[in-house]
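Okay, structure first, notes after.
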Amino acid sequence: MKVFIYSKAMFNDLMEMRVENPLDHPDVFFISILDPDCPESFHKDADNFKTWWFYDLEYEVGSYKPMSEEQAKEIVEFISKNKDKKRCIVHCSAGVSRSGAIG
């Protein structure tokens, strides 16, 4: 499986540029990671698309929380369900820390 890491802006461009909706492709699945203060997701959750909300933090800072253990387990489970697909597209705000770690 090939894993592609994108920033939020690049992912948005990918979604808008395609004549054919990439979400309809049977060999691709998507992991969307957003900051909790950006509540609107790109797409509703589906078998091949899932959104998680957490900050790019190592530990809790005030009301800002990093990925929880439950979220980590959900991500692993989602990847396992899609392990036979040819491509995984992961994005977060900058396309560096969170998406790179998941990828």
Side-chain angles (χ1 to χ4, degrees):
M1 166 192 322
K2 289 186 178 181
V3 178
F4 299 86
I5 307 297
Y6 293 111
S7 67
K8 184 178 177 182
M10 290 171 60
F11 182 79
N12 188 47
D13 289 347
L14 171 75
M15 299 298 281
E16 290 179 354
M17 286 175 35
R18 301 288 180 144
V19 174
E20 178 184 336
N21 186 343
L23 296 168
D24 293 335
H25 199 288
D27 289 328
V28 181
F29 70 102
F30 302 84
I31 296 175
S32 179
I33 304 167
L34 299 172
D35 292 334
D37 54 358
C38 296
E40 191 173 320
S41 65
F42 286 101
H43 190 271
K44 64 181 178 172
D45 285 351
D47 289 341
N48 70 333
F49 189 100
K50 179 85 171 130
T51 302
W52 284 273
W53 286 268
F54 55 88
Y55 289 105
D56 186 9
L57 297 170
E58 188 174 334
Y59 51 87
E60 190 172 322
V61 177
S63 63
Y64 296 94
K65 299 185 186 321
M67 176 174 48
S68 69
E69 187 174 330
E70 180 181 323
Q71 288 172 316
K73 288 178 183 178
E74 290 173 1
I75 291 168
V76 169
E77 183 179 307
F78 182 72
I79 292 169
S80 293
K81 286 181 181 177
N82 287 282
K83 68 182 177 193
D84 295 330
K85 304 240 167 109
K86 293 181 181 177
R87 287 181 278 170
C88 173
I89 296 176
V90 185
H91 89 83
C92 66
S93 294
V96 179
S97 300
R98 294 174 289 180
S99 57
I102 299 302

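Bear in mind that the values here come from a model prediction, so they are computed numbers and not experimental data.
Between Lys85 and Asp47 there is no salt bridge, since none of the side-chain N atoms of the basic residue sits less than 4.0 Å from a carboxylate O of the acidic one.
Linking Ile, Leu, Val, Met, Phe, Trp and Tyr whenever their side-chain heavy atoms come within less than 4.5 Å leaves Phe30 and Ile75 in two separate clusters. Note on Met67 and Leu57: separate hydrophobic clusters, where clusters join Ile, Leu, Val, Met, Phe, Trp and Tyr whose side-chain heavy atoms are under 4.5 Å apart, directly or indirectly. One hydrophobic cluster, built from ILVMFWY side chains closer than 4.5 Å, cannot hold both Val28 and Ile31; they sit in different ones. In the hydrophobic clustering of ILVMFWY residues, with side-chain heavy atoms under 4.5 Å counting as a link, Phe29 and Ile33 come out together. Following chains of ILVMFWY side-chain contacts shorter than 4.5 Å, one can reach Ile89 starting from Met10, so the two form part of one hydrophobic cluster.
Separation of atoms OG (Ser41) and CG (Leu34) is listed at 7.0 Å; rounding is to 0.5 Å. Atom CH2 of residue Trp52 and atom OG of residue Ser68 lie 11.0 Å apart, to the nearest 0.5 angstrom. Atom CG in Asp56 sits 8.5 Å away from atom OG in Ser93 (nearest 0.5 Å). Expressed to the nearest 0.5 Å, how far CD1 of Ile79 lies from CE of Met1 amounts to 7.5 Å. Put simply, CG on Asn48 and CZ on Arg87 are 12.0 Å apart, with the number rounded to the nearest 0.5 Å. In this structure, CG in Asn12 is found 13.0 Å from OH in Tyr6, a value given to the nearest 0.5 Å.
Remark: side-chain polar atoms of Arg98 are paired, donor with acceptor, to backbone N or O of Phe54 under 3.5 angstrom. The main-chain N or O of Trp53 is found under 3.5 Å from a side-chain atom of Gln71 such that the two form a donor-acceptor pair.
Between Val3 and Val90, the shortest heavy-atom distance links the atoms CG1-CG2, 4.2 Å.
By the neighbour-count criterion of 12 heavy atoms within 6.0 Å, atom CG of Asp37 is densely surrounded, having more than that number from other residues, nucleotides or ligands.
For the residue pair Ser99 / His91, no side-chain donor-acceptor distance below 3.5 Å is found, with atom types taken as modelled.
For Phe49 and Phe42, the ring centers are positioned 6.0 Å apart or more.
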Q: I would like to know whether Lys73 and Glu77 meet salt bridge (charged side-chain N to carboxylate O under 4.0 Å, His left out); could you show each step before the answer?
A: CA-CA 6 Å; Lys73 288 178 183 178; Glu77 183 179 307; over 6 Å; no
